[in-house]
Amino acid sequence: MKILITGNMGYIGPCLVNQLQRAYPEASLIGYDMGYFAHCLTGAEVLPETRIDRQYFGDMRAFDPAVLEGVDAVVHLAAISNDPMGNNFEKVTQDINDESSARLARFAKKAGVSRFVFASSCSMYGFAEGGPRKEDDALNPLTAYARSKVATEKVLQELATNDFVVTSLRFATACGMSERLRLDLVLNDFVAGAVAARQITILSDGTPWRPLIHIEDMARAIDWAIGREMTNGGAFLAVNAGSNEWNYQVKDLAHAVAKIIPDVSVSINKNAHPDKRSYQVDFSLFRRLAPDHQPKVDLVGAIQGLKAGLEGMGFADGNFRNSQFMRLKVLTHLRECGVLDEQLSWSKHQTGSRCAAG
Ligand SMILES: NC(=O)c1ccc[n+]([C@@H]2O[C@H](COP(=O)([O-])OP(=O)(O)OC[C@H]3O[C@@H](n4cnc5c(N)ncnc54)[C@H](O)[C@@H]3O)[C@@H](O)[C@H]2O)c1
């Protein structure tokens with residue numbers, strides 16, 4: 001078996017590779033990424049990509065279908081992957097997330113790929129009152145990022161057939177330690193604040209609902225989707241990936257962290273504008289279809305794993321919200337020093353020293 005993972009050099013990719021190597025020890029794993037965050041390593045002993053069989057370094061917008069030769073399954077992670085980046089680079093987000101994903105899927109189908117797994121997002125439910133959202137409930141994408149996931153699902157649904165089985169995993173918000181850790185995710189942010197400054201600052205009033213999933217459990221879900229039979233969910237399946245137990249209000253996450261890490265204070269911004277994104281999600285379909293690949297990590301385990309990982313790195317930056325742990329900061333910095341152009345393509349005229357000085 002040959003599996004292509006796009007966007008493998010990000011937050012989730014290295015963890016996914018570990019899972020797939022356990023699940024498919026004979027498989028050949030190929031990565032394709034343009035490396036925006038390749039340098040943002042955290043506690044990695046070696047470059048994670050040395051663990052796979054072949055790494056392509058390229059832009060999804062110029063994807064060469066020859067890469068798909070002999071590939072059985074595609075896991076498509078490559079994207080401008082959160083709301084802040086999507087808001088700042090809206091047109092680029094559309095080009096990379098919608099158009100390039102559609103093109104990749106068409107190439108994959110033509111090349112005889114039999115399984116296509118798409119990393120979608122529960123953020124397409126946007127603001128949803130009246131109980132947990134099911135897959136066929138109305139979508140309410142509020143951002144360029146969320147709209148891109150809706151648009152891609154639509155194209156994938158049209159392309160799916162018995163020979164081209166597509167699974168769109170609508171992931172809850174990720175959390176957990178990675179060899180490319182991000183701190184622009186709610187639980188990771190809270191644990192980082194607690195470890196570095198004994199302080200958790202909730203930017204909202206703490207009431208929004210946010211379902212979470214640990215990256216190891218995301219990898220388990222992707223593993224399941226690669227092996228999914230058409231009879232288990234249909235040629236096209238969009239499914240919420242997470243667990244009903246992990247629907248939390250943001251303030252509950254903060255207090256859970258403060259319970260585990262001693263002497264931590266929690267501040268809530270009572271004057272904050274109401275957070276427009278708030279949704280609970282129903283993960284029953286995923287439980288029914290994938291009983292052997294259900295999330296295993298619990299909230300306490302996720303917090304302890306992050307704490308251990310951050311402490312192992314000697315993490316002490318109380319100002320981390322302005323640091324390279326935030327994906328938008330990385331892209332903005334690379335733009336400002338001319339290493340990325342306005343299309344977020346690598347500039348042909350870059351010099352290393354300009355960024356090193358920044
Ligand atoms: N992290 C979450 O909370 C979460 C939740 C739901 C879904 N997802 C989805 O899972 C996927 C992976 O998320 P992540 O957190 O690892 O994101 P990430 O931003 O850490 O990684 C994305 C990777 O895609 C690559 N990439 C971006 N544009 C590219 C292009 N034009 N060509 C080639 N490579 C490109 C980047 O270099 C990066 O390595 C994304 O599609 C994201 O939308 C993430």
Side-chain angles (χ1 to χ4, degrees), residues 4-17 31-42 48-49 55-64 67 74-86 89 91-101 103-104 117-125 141 143-150 152-153 168-176 178-189 210-215 217-219 221-222 225 240-242 246 277 281 302 324-331 334 340 343-346:
L4 171 69
I5 310 167
T6 72
N8 65 303
M9 298 176 77
Y11 170 56
I12 293 161
C15 176
L16 174 63
V17 164
Y32 186 101
D33 199 300
M34 69 184 290
Y36 285 144
F37 311 104
H39 56 299
C40 302
L41 292 168
T42 45
E49 290 66 48
Q55 179 67 48
Y56 287 95
F57 183 62
D59 189 332
M60 291 309 303
R61 293 168 289 186
F63 185 82
D64 179 354
V67 172
V74 171
V75 180
H76 183 39
L77 303 177
I80 299 297
S81 62
N82 68 16
D83 289 335
M85 289 189 288
F89 304 105
K91 175 71 175 74
V92 172
T93 299
Q94 201 183 346
D95 290 346
I96 295 178
N97 292 20
D98 312 16
E99 279 154 41
S100 303
S101 298
R103 193 155 12 89
L104 172 70
V117 182
F118 175 55
S120 188
S121 168
C122 287
S123 66
M124 55 175 62
Y125 297 115
T143 60
Y145 170 70
R147 283 191 292 276
S148 79
K149 297 294 185 188
V150 175
T152 303
E153 278 196 5
S168 182
L169 296 165
R170 292 181 183 170
F171 285 119
T173 298
C175 65
S178 160
E179 287 166 298
R180 287 197 181 84
L181 178 65
R182 314 293 187 214
L183 297 180
D184 48 18
L185 295 159
V186 62
L187 187 70
N188 296 8
D189 172 293
R210 202 63 99 255
L212 295 192
I213 183 170
H214 193 275
I215 54 171
D217 291 326
M218 296 174 90
I222 291 169
N240 298 330
W246 277 66
R277 294 160 313 146
V281 176
Q324 298 280 301
F325 288 105
M326 318 298 281
R327 280 167 280 202
L328 176 59
K329 291 277 171 196
V330 175
L331 290 188
L334 294 174
L340 288 174
Q343 303 302 320
L344 297 187
S345 299
W346 294 115

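One-based numbering, in listed order, for ligands and for the atoms of each.
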Q. At a 4.0 Å threshold, what atoms of ligand 1 neighbour a non-hydrogen atom of Arg182?
A. 18 (P), 20 (O)
Q) Among protein heavy atoms, which sits nearest to atom 6 (C) of ligand 1, and what does the distance come to when rounded to 0.1 Å? A) Phe171 CB, 3.4 Å
Q | 4.0 Å heavy-atom contact, Lys149 with ligand 1 | A | yes
**Q.** Heavy-atom side-chain contact between Tyr32 and Met60 under 4.5 Å
**A.** yes
Q: Anything under 30° is parallel, anything over 60° is perpendicular, the rest tilted; go ahead and classify Phe57 against Trp346.
A: parallel
Q.
Only heavy atoms of Ser120, strictly under 4.0 Å: list the atoms of ligand 1 that pass.
A. 6 (C), 7 (C)
Q: Give the residue and atom name of whichever protein heavy atom lies nearest to atom 22 (C) of ligand 1, and the separation in Å to one decimal.
A: Ala79 O, 3.8 Å
Q) atom 10 (O) of ligand 1: which protein heavy atom is closest, and how many Å away? A) Ala119 CB, 3.4 Å
**Q.** atom 1 (N) of ligand 1 [closest protein heavy-atom partner, distance rounded to 0.1 Å]
**A.** Ala174 CB, 3.5 Å
Q: Could you say whether the N/O atoms of Ser81 and ligand 1 ever approach to under 3.5 Å?
A: yes
Q | Heavy-atom check, side chain of Met326 versus side chain of Pro84, under 4.5 Å | A | no
Q: For the pair His76 and Val117, evaluate side-chain contact (heavy atoms from CB on, under 4.5 Å) and give the outcome as yes or no after the intermediate values.
A: CA-CA 6 Å; His76 183 39; Val117 182; over 6 Å; no
Q. Is any side-chain heavy atom of Leu328 closer than 4.5 Å to a side-chain heavy atom of Asp184?
A. no
Q: Answer yes or no: does an N/O atom from Gly7 fall short of 3.5 Å to an N/O atom of ligand 1?
A: no
Q) For ligand 1, which atoms, with element, lie under 4.0 Å from some heavy atom of Ala172? A) 5 (C), 6 (C)
Q. Looking at SG of Cys15 and CG of Asn8, how far apart are the two atoms once the value is rounded to the nearest 0.5 Å?
A. 13.0 Å
Q. Can you check whether Ile222 reaches Ile5 side chain to side chain, under 4.5 Å on heavy atoms?
A. no
Q. Which protein non-hydrogen atom lies closest to atom 34 (N) of ligand 1, naming both residue and atom, and how far is it?
A. Met34 N, 3.2 Å
(Q) Checking Tyr11 against Asn188: is there a side-chain donor and acceptor pair closer than 3.5 Å? (A) yes
Q: Would you mind running through ligand 1 and noting each atom that sits below 4.0 Å from a heavy atom of Leu185?
A: 3 (O)
Q) Between OG1 of Thr173 and CZ of Arg210, what distance do you get to the nearest 0.5 Å? A) 5.5 Å
Q | Protein contact of atom 37 (O) of ligand 1 - nearest heavy atom, named by residue and atom, plus distance | A | Asp33 OD1, 2.7 Å
Q) How long is the span from the CD atom in Gln343 to the CZ atom in Arg61, to the nearest 0.5 Å? A) 6.5 Å
Q: Name the closest protein heavy atom to atom 4 (C) of ligand 1, giving the residue it belongs to and the distance to 0.1 Å.
A: Met218 CE, 4.1 Å
Q: Heavy-atom contacts with Met60 under 4.0 Å: which atoms of ligand 1 show up? List them by number with element.
A: 30 (C), 31 (N), 32 (N), 33 (C)
Q) Once you round to the nearest 0.5 Å, how far does OG of Ser81 lie from CZ of Arg327? A) 4.0 Å
Q. Quick one: does ligand 1 sit under 4.0 Å from the side chain of Arg327, the backbone, both or neither, non-hydrogen atoms only?
A. side chain
Q) Asp59 heavy atoms, cut-off 4.0 Å: which ligand 1 atoms fall inside? A) 30 (C), 31 (N), 32 (N)
Q: Return a yes/no value for Ile12: is any of its N or O atoms, backbone included, closer than 3.5 angstrom to an N or O of ligand 1?
A: yes
Q.
Any nitrogen or oxygen of Ile96 lying under 3.5 Å from a nitrogen or oxygen in ligand 1? Just yes or no.
A. no
Q. Taking both backbone and side-chain atoms of Tyr32, is any N or O found less than 3.5 Å from an N or O belonging to ligand 1?
A. no
Q.
Considering both backbone and side-chain atoms of Gly13, is one of its nitrogen or oxygen atoms within less than 3.5 Å of a nitrogen or oxygen in ligand 1?
A. no
Q: For the pair Asp64 and Tyr56, evaluate side chain to side chain donor-acceptor pair (under 3.5 Å) and give the outcome as yes or no after the intermediate values.
A: CA-CA 10 Å; Asp64 179 354; Tyr56 287 95; over 6 Å; no
Q. Near Gly58, which atoms of ligand 1 are under 4.0 Å from a heavy atom of that residue?
A. 32 (N), 33 (C)
Q: Determine the sole option in Leu185, Val186, Leu187 for which the side chain to side chain contact (heavy atoms under 4.5 Å, CB included) test with Cys175 is passed.
A: Leu187
Q) Where do Leu181 and Gly176 come nearest, in terms of heavy atoms and distance? A) CD1-O, 3.6 Å
Q. Considering distance alone, does some N or O of Tyr36 sit under 3.5 Å from an N or O of ligand 1?
A. yes
Q) What are the atoms of ligand 1, with element, lying closer than 4.0 Å to any heavy atom of Gly10? A) 20 (O), 21 (O), 39 (O)
Q: Starting from atom 40 (C) of ligand 1, find the nearest protein heavy-atom neighbour and note its residue, name and distance.
A: Leu77 O, 3.1 Å
(Q) Please identify which of these residues, Asp95, Thr93, Val92, meets the side chain to side chain contact (heavy atoms under 4.5 Å, CB included) condition with Leu344. (A) Val92
**Q.** Proximity flag Tyr145 to ligand 1, non-hydrogen atoms under 4.0 Å
**A.** yes
